[in-house]
Peer 1: 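Have a look at this one.
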Amino acid sequence: MHNIITTSPTSSTIFITSGVRISSSLLPKPSLSVTSSLPIRSPPFRSVSRWCYGVDWRSPVIPRAQIESVTPVVQQFQRKIASMASENPFKGIFTTLPRPGGGEFGKFYSLPALNDPRIDKLPYSIRILLESAIRNCDNFQVTPNDVEKIIDWENTSPKQVEIPFKPARVLLQDFTGVPAVVDLACMRDAMNKLGGDSKKINPLVPVDLVIDHSVQVDVARSANAVQANMNLEFQRNYERFAFLKWGSYAFDNMLVVPPGSGIVHQVNLEYLGRVVFNTDGILYPDSVVGTDSHTTMIDGLGVAGWGVGGIEAEATMLGQPMSMVLPGVVGFKLSGKLQNGVTATDLVLTVTQMLRKHGVVGKFVEFYGEGMSGLSLADRATIANMSPEYGATMGFFPVDHVTLQYLKLTGRSDDTVAMIEAYLRANKMFVDYSEPQQEKVYSSYLELDLSDVEPCISGPKRPHDRVPIKDMKADWHSCLDNKVGFKGFAVPKEAQEKVVSFSFGGQTAELKHGSVVIAAITSCTNTSNPSVMLGAGLVAKKACELGLEVKPWVKTSLAPGSGVVTKYLEKSGLQKYLDQQGFNIVGYGCTTCIGNSGDLHESVAAAITDNDIVAAAVLSGNRNFEGRVHPLTRANYLASPPLVVAYALAGTVDIDFEKEPIGTTKDGKSVYFKDVWPSTEEIAEVVQSSVLPDMFKSTYEAITLGNPMWNKLSVPSSSLYSWNPKSTYIHEPPYFKDMTMDPPGPHGVKDAYCLLNFGDSITTDHISPAGSIHKDSPAAKYLLDRGVDRRDFNSYGSRRGNDEVMARGTFANIRIVNKLLNGEVGPKTIHIPTGEKLSVFDVAMRYKEAGLDTIVLAGAEYGSGSSRDWAAKGPMLQGVKAVIAKSFERIHRSNLVGMGIIPLCFKAGEDADTLGLTGHERYTIDLPSKASDIKPGQDVTVTTDNGKSFTCTIRFDTQVELTYFDHGGILPYVIRNLIKK
């Protein structure tokens, strides 16, 4: 029988169940590589110092007498940072930042000391890239030539030059974090098998992983919903959570924030974001890449951050510089101020539509202008959050006085804020709007007068399809009329007014096209913003006072992004009104925004499916792609939290708020939208009195203690993971099977069959869905064959640690449209040799087992949506060798490269249809046998077996990406590199 070791969260004593009491002061310091298999019930957090509140992220240390240290790897990295100044070609500009009153904050690389007038014209976002290049310049990974490219940005960025970038840290959430930790564990095994040192597979920069994607809205409209949903979350995800807890101990420099703490991007904004790092006395700007596309939310805090694929993040963790094209920067000038009653959500949906139209893929967007003074930090974070929806790499807000005020509000110490301001001012990275502004040079310019923004929502299927509230009723009816598409459902005229009656809880209920069945206040985009959250509470309060109630068959929920939201909703007295309208708190995580909306009541579900009702969901999220929010809500609208409450009260999106009542009082008087809508002044008054610094401090001190269920998780202490072949959650992937030290070299494509033929806007949700596992899918069969009951299927997102499930879930979205099926919708395709119609996975396996290559044809914006590495891993495991598309989403293209899949773009004006390609042809793509003979962005010829030939652009955009392709992907390249070192 194993000893189980536990810790007391309130003392420095360790207790062992044998009854022996040991003082922690007598125990060895914790280290990480373990030779024993002693199971440990570990404390909630690794010991990672967080400067924000001066508290430690875990309870007292645990004994590790048998643990073999791997910390020398990290110590070596830290020594490298400390010695950089003496080795760096730019050591001449390494200077001291004095502290007012004496002493110093630290030392830094001074951009003004370069005395180069070009720097004064650089956008602030580019200055962060420049500082990183100077600080990391070692004449190997980063050279003085790279620095010169960035300084000369005005001339070099139009030429698509390549630069290296080394972010300060990495951010993960659990859906993407589990496969990342699986890959790291698998890489350790591969290092061992090839005779290398597995300890080299260890993060060299801080890695923060927040578990926020697993909670589902199983229980709603209940005072007990939070605990009930957390209980179910742990039941479903016990194995995943234990694996992540193991990872927090097996890998150094990795922090795991337990479930129930909040949404990753809000925790990053309120707590994790440093703005300026101080590492061993060296000061430098905070920067972060994350395995979630909405990592960009931190841009609102003046921290450069964006989403990358999981495999790219793993390479960054292991010390590899990111290779990126030096981006253009769109200058977005804001003027004026928002009108009364207009929210930050209305603003971001307007900005999203403008930037999509302008075209900002692969670019930074930098906001400036006098309108900035009227935007709170939370408003800025809302705009930055939706960068993926408008297509930009970043939506950046430079640090100014508003940023400093927010840092103080959220509990950062005065000394820390003083250091941040002093450093950024000294390095010309701070904007002081009280001083004359030197004109910056941008690649292109946009301008928005904030007074022109009007209340709006977006949908029904895409975030950038904005609809002004005043036009919503007319837009809805045109959607019913239009043919099936992004703005159409093709409902026959005679069926559009159909009303379906059914019984719900003993009372008669009704549904029609446009009826709201899900109303969710959810997502980091909005729940981080006190003005819209308290605005929602005010709408609920006014509705309660007028006697209005949300119909009980509408599934309402409130999922805050942190415990701070609960504190200020309770202090304001507004939470009780939200509860009365059914918006009880259901958990602290992403919930509905990522498809974890839970089941609809069976009577509601039956009414929808039996009568082919186009039901609606209204949510305060950032994504509304078809099939994402819930399988039964074909219309999904993004809206501000107060509008979510308003539409829930109305019960339908088929309404003109200006002319039609949203309900009636008990005495039959009509109540209109204007009767429940709060003024900007009302909201500001409640924000001022209810949002206090102590709320942030106490919330984040509390989460460092974890929660009882997390703290009870027992995990093994080995540095190498013991894979359980029977596990349906964590499975050893085959990526490094039969790997040798010699790179395999480039591969072409010979006589490949077309697995799928797509149109435009195929998202990563289509390619690798995160939501529920359909009962008739190949993944469901796999789970049932292994004894998993249907009610325990969980979601695809939760099973991303198992490649067998995920390969079967690739192209499994029930709303996917494949041209090979001639109009039929669903996750099937045609096996060309036989003409059989089967699941995509089954067809892919037939081709693969026969030794036949496959390709995918696609339209524009292929891979848009979440930064989902399984959208590249899955096709690779299915045997896809190349994707030929009109255009790619930035992160997805990078992920394809990282997994060794060739991305090709049709020439401008061409696509599969214009070239007469049906997908029934066989395709050959000839590539040179040496990577050195391939050039980034060169033309290649594609031929078919019926005599067609056309030219495509190969989308390996940098020389580094070609190197990855030569090695069969980024991770094999990293392993070989580390072994050679």
Peer 1: Mark yes or no for whether D292, through its side chain, and H294, through its backbone, hold a donor-acceptor pair below 3.5 Å.
Peer 2: yes
Peer 1: Could you check if a side-chain atom of S528 sits within less than 4.5 angstrom of a side-chain atom of M533, using non-hydrogen atoms only?
Peer 2: no
Peer 1: Is the shortest heavy-atom distance from the side chain of K555 to the side chain of R221 under 4.5 Å?
Peer 2: no
Peer 1: Determine yes or no for a side-chain-to-main-chain donor-acceptor pair under 3.5 angstrom, with T556 supplying the side chain and G582 the backbone.
Peer 2: yes
Peer 1: Does this structure show an ion pair linking E660 with K473, if we count only N-O contacts that are shorter than 4.0 Å?
Peer 2: yes
Peer 1: Given 3.5 Å as the limit, does a donor-acceptor pair link the side chain of T680 with the main chain of G341, or not?
Peer 2: yes
Peer 1: Is it the case that the side chain of D346 and the backbone of T343 share a donor-acceptor pair, with hydrogens and angles ignored and the cut-off at 3.5 Å?
Peer 2: yes
Peer 1: Are there more than 12 heavy atoms of other residues, nucleotides or ligands under 6.0 Å from atom CD of Q688?
Peer 2: no
Peer 1: Rounded to the nearest 0.5 Å, how far does OG1 of T699 lie from OH of Y588?
Peer 2: 8.5 Å
Peer 1: Can you check whether D675 reaches L546 side chain to side chain, under 4.5 Å on heavy atoms?
Peer 2: yes
Peer 1: Within a reach of under 6.0 Å around NZ of K571, are more than 12 heavy atoms found that belong to other residues, nucleotides or ligands?
Peer 2: no
Peer 1: K487 side chain to K461 main-chain N or O, any donor-acceptor pair under 3.5 Å?
Peer 2: no
Peer 1: Count the heavy atoms belonging to other residues, nucleotides or ligands that lie under 6.0 Å from CD of E545, then report whether that count exceeds 12.
Peer 2: yes
Peer 1: Does a donor on one side chain and an acceptor on the other come within less than 3.5 Å for R808 and S777?
Peer 2: no
Peer 1: Output yes when a side-chain donor or acceptor of N636 lies under 3.5 Å from a complementary backbone atom of V629, and no otherwise.
Peer 2: no
Peer 1: Which distance, rounded to the nearest 0.5 Å, do you find between the NZ of K828 and the OG of S839?
Peer 2: 6.5 Å
Peer 1: Rounded at 0.5 Å granularity, tell me how far OG in S515 sits from CG in D654.
Peer 2: 8.5 Å
Peer 1: Dump the intermediate steps for salt bridge (Lys or Arg N to Asp or Glu O under 4.0 Å) on R462 and E389, then the final yes or no.
Peer 2: CA-CA 9 Å; R462 295 190 300 188; E389 281 64 51; over 6 Å; no
Peer 1: Search all heavy atoms of A812 against all heavy atoms of Y796 and return the closest pair with its distance.
Peer 2: CB-OH, 3.8 Å
Peer 1: Could you give the distance from CZ (F502) to CG (D610), rounded to the nearest 0.5 Å?
Peer 2: 11.5 Å
Peer 1: First locate atom OG of S761, then atom CZ of F625, and finally report the distance between them rounded to the nearest 0.5 Å.
Peer 2: 8.0 Å
Peer 1: Do E626 and D765 have side chains that approach each other closer than 4.5 Å (heavy atoms only, starting at C-beta)?
Peer 2: no
Peer 1: Could you check whether any side-chain N or O of N237 sits under 3.5 Å from a backbone N or O of F234, counting only pairs where one atom can act as donor and the other as acceptor?
Peer 2: no
Peer 1: Give a yes or no answer on whether the side chain of N526 reaches the backbone of S620 with a donor-acceptor pair at less than 3.5 Å.
Peer 2: yes
Peer 1: With no hydrogens and no angle check, is any side-chain donor or acceptor of Q581 less than 3.5 Å from a backbone partner on L548?
Peer 2: yes
Peer 1: Keeping S768 on the side-chain end and T764 on the backbone end, is there a donor-acceptor pair under 3.5 Å?
Peer 2: no
Peer 1: Does the separation of the ring centres of F811 and H766 fall below 6.0 angstrom?
Peer 2: no
Peer 1: Side chains of T525 and N385: is there a donor and an acceptor less than 3.5 Å apart?
Peer 2: yes
Peer 1: Looking at Y782, does the NZ or CZ of R786 lie under 6.0 angstrom from its six-membered ring centre and within 45 degrees of the ring axis?
Peer 2: yes
Peer 1: Are there more than 12 heavy atoms of other residues, nucleotides or ligands under 6.0 Å from atom NZ of K781?
Peer 2: no
